[in-house]
**Q** 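Dropping a structure here in structure tokens format, bear with me for questions.
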Amino acid sequence: MAHIGIVGGGIVGLCSAYYLHKSGHQVTVFDQTTIADGCSFGNAGMIVPSHIIPLAQPGMIAKGMRWMMKSTSPFYVKPRLNLELMRWGWLFYQHATPGHVERSIPVLRDLSLLSKKLFQDLAVNGDLSFEWQERGLLMLYKTTVAEHEMAEEANIANRAGIEARLLNGQQIQDMEPKTRVDVRGGIWYPGDAHVNPGELVRSLVSYLKKNQVKILENRPVTGFTKTGAHVTWIKTPQGPVKVDGVVIAGGAWSPDIARQLGVTLSMQGGKGYSFMLRNVGDTVRVPAIMLEARATATPMGNHLRFAGTLEVAGTDMTINMNRVRGIVQSINRYYPDITVDMPAADTVWRGLRPCSPDGLPYIGKSKHLDNVVLATGHGMMGLSLGPATGKLVSEVITDKVSSMDISSFAPDRF
Ligand SMILES: Cc1cc2nc3c(=O)[nH]c(=O)nc-3n(C[C@H](O)[C@H](O)[C@H](O)COP(=O)(O)OP(=O)(O)OC[C@H]3O[C@@H](n4cnc5c(N)ncnc54)[C@H](O)[C@@H]3O)c2cc1C
């Protein structure tokens, strides 16, 4: 039995631990903080096979420039004289092309559909306890510009085999009988689903601990010992740990971890915020993205979670309440009857989406190392893609035939 050390206890690290354990490995997960603090905990909880178009797409740069002018806008790049940010921006620009979008659609679709199938299995196989809801996803819009963009997106999705239905305002209202929805229309993706990510993460941790997987919190990985292309020890301030294989699932911090092994990963943290409206019952039934505002609403049990913004900010974790105000102000434009007060700063959650420049994750071995798998860079879809990534990691580490072709996700692709 090989001992695999996983650096990072977010959804990707924990799903990797789950499938590695299932395939008979001894597993230790290292996290620099407590598991409940990461990006995987307070996100919008959407499982999105609908998201087949990568963030690097034509028109995105112009849109981003317009949004950057407003302090409450949903997108922002913190200006910094930083070589890594400049390289990331250049790679993003190079990949924002129709050709890249066309090549990415089938691979993102296959990865998402694999993940959804694994989620469906996890929801019923008895290992975990979390609420799995298949009510789809609504992309709501108020403007004709968004309507045209969405009609095109729905066509692309349907052509790729992902069902998308264009609905008018009344049809959307009929889906939400308990609250008014003030929109021009929307797309309904019936194949999407949602979970409470915190509940899922807690359940994974509890299952793994019961099954002899070691979860070491507040245990930062500070380096590695290598023999040639083979990593033999993981270094931590509390002492080294001997390993036969390593998974780097450090989210937005992965480039710092990979650098210690001589691997360059281009990545930026895309900071976002969320907060909960408590005890509102099922006011909103179907998770929604409020398109022009780039904010989301997800029912979670008796509560409703709002989330949004993408600030390209490295690994800066400070909370900018102006951006949170932007989310708050946008909600009533779509749901006029929901009263949302500005949340107190200490009730706002923030997380860093690990954003690769081409919008595809990094999954696979670096060609310079024979027992290290990188599993990161999932951007806005890390929760959705967690199970599929974990399964692929468990296959790649032992060079088994993998569940799908992962050459597009090669960590050394730039
Ligand atoms: C506002 C918001 C809403 C979102 N909504 C959704 C959604 O609806 N659906 C979806 O699919 N995705 C969503 N996402 C994206 C998703 O949350 C992320 O893609 C995902 O959580 C990334 O998971 P991860 O495991 O790669 O990284 P993380 O969850 O960040 O985990 C990485 C872990 O590595 C640890 N680490 C880092 N360095 C070290 C080190 N040196 N030693 C030890 N540990 C280390 C960190 O402490 C961290 O816990 C959202 C994100 C945000 C911010």
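Indexing begins at 1, ligand by ligand and atom by atom, following the structure's order. Values below: all heavy atoms of this structure, side chains included; hydrogens, waters and symmetry mates excluded. Quantities reported herein were computed from a predicted structural model and do not represent experimental measurements.
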**Q** Would you list the atom pairs, donor with acceptor, under 3.5 Å between side chains in residues 152-159 and any protein atom, with sequence neighbours excluded?
**A**
from   : atom 1 : to     : atom 2 : distance (Å)
Glu153 : OE2    : Tyr189 : OH     : 3.4
Asn158 : OD1    : Ala164 : N      : 2.9
Asn158 : ND2    : Ala154 : O      : 3.1
Asn158 : ND2    : Ala164 : O      : 3.0

**Q** How close does the nearest protein non-hydrogen atom get to atom 19 (O) of ligand 1, and which residue and atom is it?
**A** Gly379 O, 2.7 Å
**Q** Can you tell me if Ser274 has a non-hydrogen atom under 4.0 Å from ligand 1?
**A** no
**Q** Considering only protein heavy atoms, which is closest to atom 42 (N) of ligand 1, and at what distance to one decimal place?
**A** Val221 N, 2.9 Å
**Q** If you measure from atom 45 (C) of ligand 1 to every heavy atom of Met381, His194, Gln32, which option wins on shortest distance?
**A**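 Shortest heavy-atom distance from atom 45 (C) of ligand 1: Gln32.
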**Q** Do Tyr207 and Tyr18 have ring centres separated by under 6.0 Å?
**A**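 So the answer is yes for these two rings.
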**Q** Does Met380 approach ligand 1 within less than 4.0 angstrom via side chain, backbone, both or neither, non-hydrogen atoms only?
**A** backbone
**Q** Is the distance between the ring centroids of Trp132 and Phe119 under 6.0 Å?
**A** yes
**Q** What residue and atom, counting heavy atoms only, is the protein's closest point to atom 8 (O) of ligand 1, and at what distance?
**A** Met46 N, 2.8 Å
**Q** Tell me whether Pro354 reaches ligand 1 (any heavy atom closer than 4.0 angstrom to a ligand atom).
**A** yes
**Q** Less than 6.0 Å separating the ring centroids of Phe414 and His95?
**A**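 So the answer is yes for these two rings.
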**Q** Just to confirm my output: which protein heavy-atom neighbour is closest to atom 50 (C) of ligand 1, and how far is it?
**A**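 Checking every protein heavy atom, the shortest distance to atom 50 (C) of ligand 1 gives Asn43 CB, 3.4 Å.
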**Q** For atom 21 (O) of ligand 1, which protein heavy atom lies nearest, and how many Å away is it?
**A**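 Among all protein heavy atoms, the one nearest atom 21 (O) of ligand 1 is Ser40 OG, 2.9 Å.
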**Q** Apply salt bridge (charged side-chain N to carboxylate O under 4.0 Å, His left out) to residues Lys22 and Asp127 and explain how you reach the verdict.
**A** CA-CA 11 Å; Lys22 287 281 180 191; Asp127 287 347; 2.9 Å; yes
**Q** Do Val195 and Leu383 make a side-chain contact, defined as non-hydrogen atoms from C-beta onward lying under 4.5 Å apart?
**A**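 Heavy-atom side-chain distance check passes, below 4.5 Å.
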**Q** Within the 3.5 Å criterion, strictly below it, is a donor on Asp337 or Thr179 matched to an acceptor on the partner's side chain?
**A**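 No pair is found: no donor N or O on one side chain lies under 3.5 Å from an acceptor on the other.
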**Q** Give the residue and atom name of whichever protein heavy atom lies nearest to atom 30 (O) of ligand 1, and the separation in Å to one decimal.
**A**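 The closest heavy atom on the protein side is Cys39 CB, 3.4 Å.
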**Q** If we ignore hydrogens and angles and just use 3.5 Å, is the side chain of His100 paired with the main-chain N or O of Asp358 as donor and acceptor?
**A** yes
**Q** Backbone, side chain, both or neither: what part of Ile257 comes under 4.0 angstrom of ligand 1, heavy atoms only?
**A**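 Side chain only.
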**Q** Students should be able to answer this: which protein heavy-atom is nearest to atom 5 (N) of ligand 1, and at what distance?
**A** Ala44 N, 3.1 Å
**Q** Among protein heavy atoms, which sits nearest to atom 33 (C) of ligand 1, and what does the distance come to when rounded to 0.1 Å?
**A** Asp31 OD2, 3.5 Å
